[in-house]
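Below is one structure; the comments refer to it alone.
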Amino acid sequence: MDHQPPVGGHLPVMADEVLRELITDRDGIYLDATIGGAGHAEMIMQQLSPKGRLIGLDRDPQAVARAAARLASFGGRAQVVHSDYRSLGSLFRELGVAEIHGALFDLGLSSLQLDNPERGFAYRLDGPLDLRFDPTQGEPTSSWLNSATEESLASVFSEFGEEPLSRRIARRIVKARLAEPILTTTQLRQLIIAASGPGGRTWGRTAARIFQALRVHSNSELDAIARGLDAALSLLAGGSRLVVIAYHSLEDRIVKTVTREAARTCDCPKIYGRCICGASPRGRLVYRRVLRPADSETVTNPRAQAARMRVFEKCAIPSPLGAA
Ligand SMILES: C[S@@+](CC[C@H](N)C(=O)[O-])C[C@H]1O[C@@H](n2cnc3c(N)ncnc32)[C@H](O)[C@@H]1O
């Protein structure tokens, strides 16, 4: 749950597995819905033929600029767009791309964002309590934190952080902001330490859960994931794949629900003699369970420890009888 930055910047997580599972046609068009530092994107481009293309998105304008610079040597074959993946359906209509040959979602935030104190994602670094992926939209998280009711605060901490001390921390915040607004990561960290009880030994894990909850809430992340995955599934060509890497159980639960539903075959009792449930699978789960990073990767990249990958394959011809 605690996204620790790897040594030396952002290393693409489960990179070998991404390349192996994602690329089914070296001449195809690929979507990197979360281009971040373009680590995965660069490796994908290196695997594609001179006909292959990649379209990368990010909500974060800084990430877009960095990724575009990193991919500049691939020219027009690698396009980076400042966009939210929840609207990728309309974006691809604008771009005139009707079909893609693979889609990658590497969820959450990058180490480049986590390591930058100005973004407010890291509870250990002092900075403004912002936590927006796209600082050009909406308001910093501190605006909500200083105006939400105690009940709303507690419910966000509980729902999006699965935090057992959610009520106690919400109460502390409401009391503290009567004296002065909570505007920095340090102010919030100190409140969390105080609420963590005598010794406060577990405050680090509590802070990680509270910051995760604020990030998920401020960016409406869970709603975005469900919508983005659905849009990507619609764009996938038959036989091509959706690869998703999640880092906590809330993200993974949505990925699991969306992909299982997309793979659902008819489960009407045989006695009915015909299907009444309307199941129309869009493809199949390539693996029943999540794929995890190899030990050799987590040794060099601690952030990979939490990673879990799911792979879905669109069926070549939609079949009411189910996927292979
Ligand atoms: C884990 S990082 C991706 C790292 C990337 N795979 C790499 O190798 O460098 C996740 C990225 O997704 C972006 N992001 C989060 N939510 C998004 C959304 N709804 N639409 C587009 N990008 C989003 C974040 O800004 C962040 O840069």
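Just so you know, ligand 1 is whichever comes first in the structure, and atom 1 is the first atom listed for that ligand. In what follows, residues are counted from 1 in the order of the sequence shown. These numbers come from a predicted model, not from an experiment.
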Tyr85 and Phe105 aromatic ring geometry - parallel, tilted or perpendicular at 30°/60° bounds: perpendicular

Any side-chain donor near an acceptor of the partner, Glu162 and Ser249, under 3.5 Å: yes

Heavy-atom nearest neighbour in the protein, as seen from atom 17 (C) of ligand 1, with distance rounded to 0.1 Å: Tyr85 CE2, 3.4 Å

N-O pairing of Arg171 and Glu150 below 4.0 Å: yes

Atom 8 (O) of ligand 1: nearest protein contact (heavy atom, Å): His40 N, 3.0 Å

Interfacing atoms of ligand 1 (cut-off 4.0 Å, heavy-atom, Ser83): 20 (N), 21 (C)

For atom 19 (N) of ligand 1, closest protein heavy-atom neighbour: Asp84 OD1, 2.9 Å

Element-labelled atoms of ligand 1 that are located less than 4.0 Å from some non-hydrogen atom of Gly108: 10 (C), 11 (C), 12 (O), 15 (C), 24 (C), 26 (C)

Identity and separation of the nearest protein heavy atom to atom 4 (C) of ligand 1: Asp106 OD2, 3.4 Å

Ala33 neighbourhood, listing ligand 1 atoms whose heavy-atom distance to it stays under 4.0 Å: 21 (C), 22 (N)

Ligand-residue contact atoms, ligand 1 with Gly37, heavy atoms, under 4.0 Å: 7 (C), 9 (O)

Residue portion contacting ligand 1 (non-hydrogen atoms closer than 4.0 Å) for Ala38: backbone

Chi angles and distances behind the side chain to side chain contact (heavy atoms under 4.5 Å, CB included) call for Asp32, Leu57: CA-CA 6 Å; Asp32 184 340; Leu57 319 180; over 6 Å; no

Arg215 and Glu251 ion-paired at < 4.0 Å: yes

Parallel, tilted or perpendicular: rings of Tyr30 and His101 (30°, 60°): tilted

Numbered atoms of ligand 1 (with element) below 4.0 Å of Asp60, judged on heavy atoms: 25 (O)

Atoms in ligand 1 flagged as close to Leu107, the criterion being non-hydrogen separation under 4.0 Å: 1 (C)

Electrostatic pair Arg20-Asp16, nearest N-O below 4.0 angstrom: no

Closest approach of any protein heavy atom to atom 22 (N) of ligand 1, naming residue and atom: Arg59 N, 3.2 Å

Within-cut-off N or O pair, Ala224 and ligand 1, under 3.5 Å: no

Donor-acceptor pair between Asp106 and Thr34 side chains, under 3.5 angstrom: no

Enumerated ligand 1 atoms positioned under 4.0 Å from heavy atoms of Arg303: 1 (C)

Asp252 and Arg310 ion-paired at < 4.0 Å: yes

Criterion side chain to side chain contact (heavy atoms under 4.5 Å, CB included) on Arg282 and Asp230, from CA distance to verdict: CA-CA 11 Å; Arg282 299 162 95 180; Asp230 187 62; 3.0 Å; yes

Contact (N/O only, under 3.5 Å) between Tyr247 and ligand 1: no

Atom indices of ligand 1, in the order listed, that fall short of 4.0 Å to a heavy atom of Ile35: 5 (C), 7 (C), 9 (O)

Region of Asp32 engaging ligand 1 - heavy atom pairs below 4.0 Å: neither

Audit row: Val311, Leu285, side chain to side chain contact (heavy atoms under 4.5 Å, CB included) steps and yes/no: CA-CA 6 Å; Val311 185; Leu285 305 172; over 6 Å; no

For ligand 1, the portion of Gln113 having any non-hydrogen atom under 4.0 Å away: side chain

Per-residue contact class, Gln62 against ligand 1 - non-hydrogen pairs under 4.0 Å: neither

Short side-chain donor-acceptor distance under 3.5 Å, Glu163 and Ser166: no

Residue and atom name of the nearest protein heavy atom (relative to atom 11 (C) of ligand 1), distance in Å to one decimal: Asp58 OD2, 3.5 Å

Atom 3 (C) of ligand 1 - nearest protein heavy atom and its distance: Thr34 O, 3.2 Å

Option set Pro61, Gly39, Ser111, criterion heavy-atom distance to atom 7 (C) of ligand 1, minimum: Gly39

Ion pair check, Arg119 and Asp130, cut-off under 4.0 Å: no

For ligand 1, the portion of Leu112 having any non-hydrogen atom under 4.0 Å away: neither

Worked check of side-chain hydrogen bond (donor to acceptor under 3.5 Å, both in side chains) between Ser90 and Ser87: CA-CA 6 Å; Ser90 51; Ser87 42; 4.8 Å; no

